[in-house]
K.L.:
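Here's a structure for you.
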Amino acid sequence: MAGVLPANVSFFMQRLQGVSVSHFKINPQSNDSAVANRILRFELPSNSLLNFRSLRLMFTADANQTAAAGGRLPNGIYKLIERVAVYAGGSLLQNNFQSYNLYQAAKEALEGSKCDSVVGHPEIVRSVPYHDGSAALTSTANESYTDTDDMFAIDYWESFLGTVQPSIIDTGILPQLTIEITLAEDSVCSSCAGVALDGTGSSDITDVNSNKATYQLDRLSMQVEVLGMATSVLDQITEQRIASVGYLSLPFKNIFTFVSSHQGTSRFSVNSASWDRVWMVYRPTGYANKAAVHRVPGYKKKGAHVDGTSGGTAADVDVGIPEYDIGGVLDTNKEKYISAYFRMKEPLTSASTPATYQLQVNAATIPAFRCNRNEMYEITRNSVDSYHIEHNMTLNQYVDSYFVQCMRFCLPDSEMSRLASGLDTRSVSAQAAVETTGLDTCNLTVFAECTSELRVGSGRAVEVIQ
């Protein structure tokens with residue numbers, strides 16, 4: 001019956017006995033404290049069935065360990081990571097690409113947030129820290145969580161750690177696996193002059209402080225789930241596969257970064273067996289400068305006041321009103337801030353002149369016509385498999401704070417079936433260019449998303465097919 005009928009109407013069950021589950025804590029090779037731009041290294045357990053989707057980096061965080069400067073952690077604690085590399089016995093598996101945090105933020109803008117709301121710091125704090133419920137911050141106080149029971153966790157990963165298939169791998173067939181994490185620069189944290197709502201004066205949450213925020217992480221560790229099976233069936237299947245084919249195939253996503261000061265045309269080249277997508281992220285040229293938070297359009301700003309206590313004896317408290325309709329249409333009756341470092345904006349030369357966008361790959365133009373931003377947005381939606389926005393994003397908000405473009409070169413849903421169907425540019429590298437009109441000079445970061453293949457042979461021999 002199970003072989004004829006679909007699973008949702010079939011009656012069947014499978015059983016695997018002798019399974020064991022355990023969790024281990026891995027300390028970094030250096031000390032367990034780190035500041036911006038530092039490199040952390042963790043060695044994963046050897047000769048173990050490792051669940052790569054269970055990897056989680058734990059730490060406490062201080063948004064400004066050097067001075068009282070109104071430091072704020074970014075929304076999404078993963079944004080403290082600049083690079084992630086994976087080595088197998090010294091051989092690089094996952095490309096150590098630049099701007100790992102920006103790539104994940106770009107995907108988050110279109111696919112919805114994967115940041116855990118309990119230990120992931122999903123929102124920027126204005127006045128009251130919601131992570132530990134501590135007392136309200138003053139205009140000069142920093143956001144700081146140094147207690148052991150206030151730890152954060154990064155438990156969602158891109159590239160090799162989050163996409164390798166199968167996700168449970170016997171590390172005994174691989175050389176020693178080492179994860180190398182490079183922390184981001186201090187500019188990912190915001191330096192705020194005050195805690196008041198936007199527009200209340202020169203010392204509110206969106207005004208920059210004179211001191212630059214500098215963060216520090218402590219109690220660093222990585223935790224991992226290790227599985228065990230009483231049967232040797234997996235070992236036998238692995239040996240038979242290597243004997244018959246010569247290797248095991250482990251596909252995963254590899255990312256390549258190209259950064260330019262965009263002035264109409266930005267060129268790059270990709271050499272890959274399967275180039276699946278290209279992501280284009282536009283940011284103001286001063287994105288890395290010291291800055292306060294940026295308020296996303298439509299959400300609350302100053303203008304609505306209530307009395308602080310019953311009886312009318314306390315001073316008025318500004319609770320703010322949404323920038324759109326006062327009732328808070330499209331779920332905007334709340335506050336929403338992002339780090340200026342991750343503000344993705346369409347940099348129009350003139351608000352009255354629409355911009356156009358087009359991609360050149362060798363001699364082909366994709367699409368076959370010059371798109372305006374709305375047309376390009378629809379192509380972007382079509383290019384992302386798991387499109388899902390957890391919040392209601394308007395066009396105004398997309399253009400001002402989440403301006404990301406994506407173009408797909410592979411079959412839809414090909415990742416679900418481990419199908420490498422993207423552009424094969426190994427014989428002749430794809431000479432590509434992003435061509436625009438109507439844009440001011442801006443920072444353009446291009447991410448080439450490719451499917452790579454890790455081939456594991458006998459004797460722990462490894463080869464990466466880019």
Side-chain angles (χ1 to χ4, degrees), residues 26-32 34-46 48 50-59 76-107 114 153-165 167 169 171 173-185 188 217 220-224 250-259 268 270-277 279 281 445-456 460-466:
I26 307 169
N27 294 318
Q29 292 183 350
S30 56
N31 59 48
D32 63 351
V35 294
N37 302 313
R38 292 292 176 84
I39 296 177
L40 310 172
R41 292 185 178 87
F42 299 89
E43 288 192 353
L44 298 183
S46 301
S48 305
L50 200 64
N51 180 8
F52 279 80
R53 302 297 187 271
S54 72
L55 287 173
R56 47 202 180 270
L57 182 66
M58 306 286 296
F59 53 86
I77 204 69
Y78 68 85
K79 291 177 180 175
L80 299 179
I81 294 180
E82 172 66 20
R83 298 173 183 263
V84 178
V86 179
Y87 293 89
S91 299
L92 182 64
L93 303 183
Q94 173 183 319
N95 178 39
N96 191 17
F97 68 97
Q98 180 182 351
S99 300
Y100 172 93
N101 46 11
L102 181 62
Y103 172 71
Q104 191 166 341
K107 293 190 67 175
K114 300 177 179 65
I154 299 175
D155 55 9
Y156 178 81
W157 303 89
E158 296 291 347
S159 199
F160 184 88
L161 300 178
T163 62
V164 65
Q165 294 290 350
S167 59
I169 300 175
T171 57
I173 65 175
L174 293 163
Q176 176 62 56
L177 291 177
T178 302
I179 300 176
E180 182 180 281
I181 298 174
T182 304
L183 297 182
E185 58 182 305
V188 299
L217 307 184
L220 281 155
S221 67
M222 182 167 283
Q223 298 177 11
V224 63
L250 283 73
F252 66 96
K253 291 291 186 181
N254 229 347
I255 315 299
F256 300 89
T257 308
F258 307 91
V259 183
F268 60 99
V270 178
N271 189 329
S272 172
S274 180
W275 181 14
D276 298 337
R277 289 180 181 83
W279 298 78
V281 181
T445 304
V446 176
F447 298 101
E449 177 187 320
C450 306
T451 295
S452 295
E453 179 187 8
L454 172 61
R455 293 182 176 179
V456 183
R460 300 188 178 185
V462 294
E463 178 188 13
V464 177
I465 308 298
Q466 301 285 9

K.L.:
Over 60° means perpendicular and under 30° means parallel, so tell me whether Phe160 and Phe252 are parallel, tilted or perpendicular.
P.N.:
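If you compare the ring of Phe160 with that of Phe252, the planes turn out perpendicular.
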K.L.:
Could you tell me whether the side chain of Lys253 reaches within less than 4.5 Å of the side chain of Asp276, counting heavy atoms only?
P.N.:
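Asp276 vs Lys253: side chains touch.
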K.L.:
Between Ala153 and Ile77, what is the shortest heavy-atom contact and its length?
P.N.:
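Looks like O-CG2, 3.7 Å.
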K.L.:
Looking at side-chain heavy atoms only, is the closest gap between Met222 and Leu55 below 4.5 Å?
P.N.:
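Yes, side chains in contact.
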K.L.:
Got Leu44 and Thr171 here, is their nearest side-chain heavy-atom distance under 4.5 Å?
P.N.:
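No, their side chains stay 4.5 Å or more apart.
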K.L.:
Output, in order, the C-alpha distance, side-chain angles, deciding distance and verdict of side-chain contact (heavy atoms from CB on, under 4.5 Å) for Trp157 and Ile179.
P.N.:
CA-CA 12 Å; Trp157 303 89; Ile179 300 176; 6.0 Å; no
K.L.:
Apply side-chain contact (heavy atoms from CB on, under 4.5 Å) to the pair Val281 and Tyr103, showing each step before the final yes or no.
P.N.:
CA-CA 8 Å; Val281 181; Tyr103 172 71; over 6 Å; no
K.L.:
Before giving the answer on side-chain contact (heavy atoms from CB on, under 4.5 Å), spell out for Val456 and Leu250 the whole-Å C-alpha distance, their side-chain angles and the decisive distance to 0.1 Å.
P.N.:
CA-CA 8 Å; Val456 183; Leu250 283 73; 4.2 Å; yes
K.L.:
Measuring only between side-chain heavy atoms, which start at C-beta, is Ile255 closer than 4.5 Å to Glu158?
P.N.:
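When only atoms from C-beta onward are counted, Glu158 and Ile255 do not touch, as no gap falls below 4.5 Å.
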K.L.:
Taking the side chain as every heavy atom from C-beta outward, state whether Leu50 and Pro45 have any pair of such atoms under 4.5 Å apart.
P.N.:
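Yes, their side chains come closer than 4.5 Å.
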K.L.:
State, with a plain yes or no, whether a side-chain heavy atom of Tyr100 is found less than 4.5 Å away from one of Thr182.
P.N.:
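No. Closest side-chain heavy atoms not under 4.5 Å.
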K.L.:
Would you say that Phe447 contacts Leu102 through its side chain, given a criterion of any heavy-atom pair below 4.5 Å between the two side chains?
P.N.:
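Yes - at least one pair of side-chain heavy atoms lies under 4.5 Å apart.
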K.L.:
Looking only at heavy atoms, what is the nearest atom pair of Ala105 and Tyr78, with distance?
P.N.:
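Reported closest heavy-atom pair: CA-OH, 3.5 Å.
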K.L.:
Evaluate the side-chain contact (heavy atoms from CB on, under 4.5 Å) criterion for residues Thr451 and Glu453: first the C-alpha distance (whole Å), next the side-chain angles of each, then the deciding distance (0.1 Å), finally the verdict.
P.N.:
CA-CA 7 Å; Thr451 295; Glu453 179 187 8; over 6 Å; no
K.L.:
Would you say that Leu454 contacts Val164 through its side chain, given a criterion of any heavy-atom pair below 4.5 Å between the two side chains?
P.N.:
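A side-chain contact under 4.5 Å is absent here.
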K.L.:
Verify the distance criterion only: is there a donor paired with an acceptor across the side chains of Gln466 and Asn254 at less than 3.5 Å?
P.N.:
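Asn254 and Gln466 do have a side-chain donor-acceptor pair below 3.5 Å.
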K.L.:
Taking all heavy atoms of Ser221 and all of Pro28, pick out the closest pair and write down the distance.
P.N.:
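Where Ser221 meets Pro28 most closely, the heavy atoms are CA-CD, 4.5 Å.
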K.L.:
Measuring from atom CD of Glu449 to atom CZ of Arg277, what distance do you get when rounded to the nearest 0.5 angstrom?
P.N.:
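So the CD of Glu449 and the CZ of Arg277 are separated by 5.0 Å.
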K.L.:
My understanding is that only residues two or more places apart in sequence, or in another chain, count here; which of them pass side chain to side chain contact (heavy atoms under 4.5 Å, CB included) with Phe268?
P.N.:
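With neighbours one apart ignored, the set is Phe258, Val270, Trp275, Val278, Leu359, Ala432, Val434, Val446.
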K.L.:
What are the two closest non-hydrogen atoms of Pro175 and Ala88, and how far apart are they?
P.N.:
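The answer is CB-C, 3.8 Å.
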K.L.:
Rounded to the nearest 0.5 Å, what separates atom CD1 in Ile154 from atom CE in Met58?
P.N.:
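Ile154 CD1 to Met58 CE: 10.5 Å, rounded to 0.5 Å.
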K.L.:
Where is the tightest heavy-atom contact between Gln94 and Leu161, given as atom of each residue plus distance?
P.N.:
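Heavy atoms only, the tightest pair is OE1-N, 3.9 Å.
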K.L.:
Please name all residues satisfying side chain to side chain contact (heavy atoms under 4.5 Å, CB included) with Ala85, sequence neighbours left out, ordered by chain then number.
P.N.:
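So Ala85 forms a side chain to side chain contact (heavy atoms under 4.5 Å, CB included) with Tyr87, Leu92, Asn96, Glu180.
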K.L.:
Roughly how far, to the nearest 0.5 Å, is the OG atom of Ser46 from the CG atom of Leu174?
P.N.:
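So the CG of Leu174 and the OG of Ser46 are separated by 9.5 Å.
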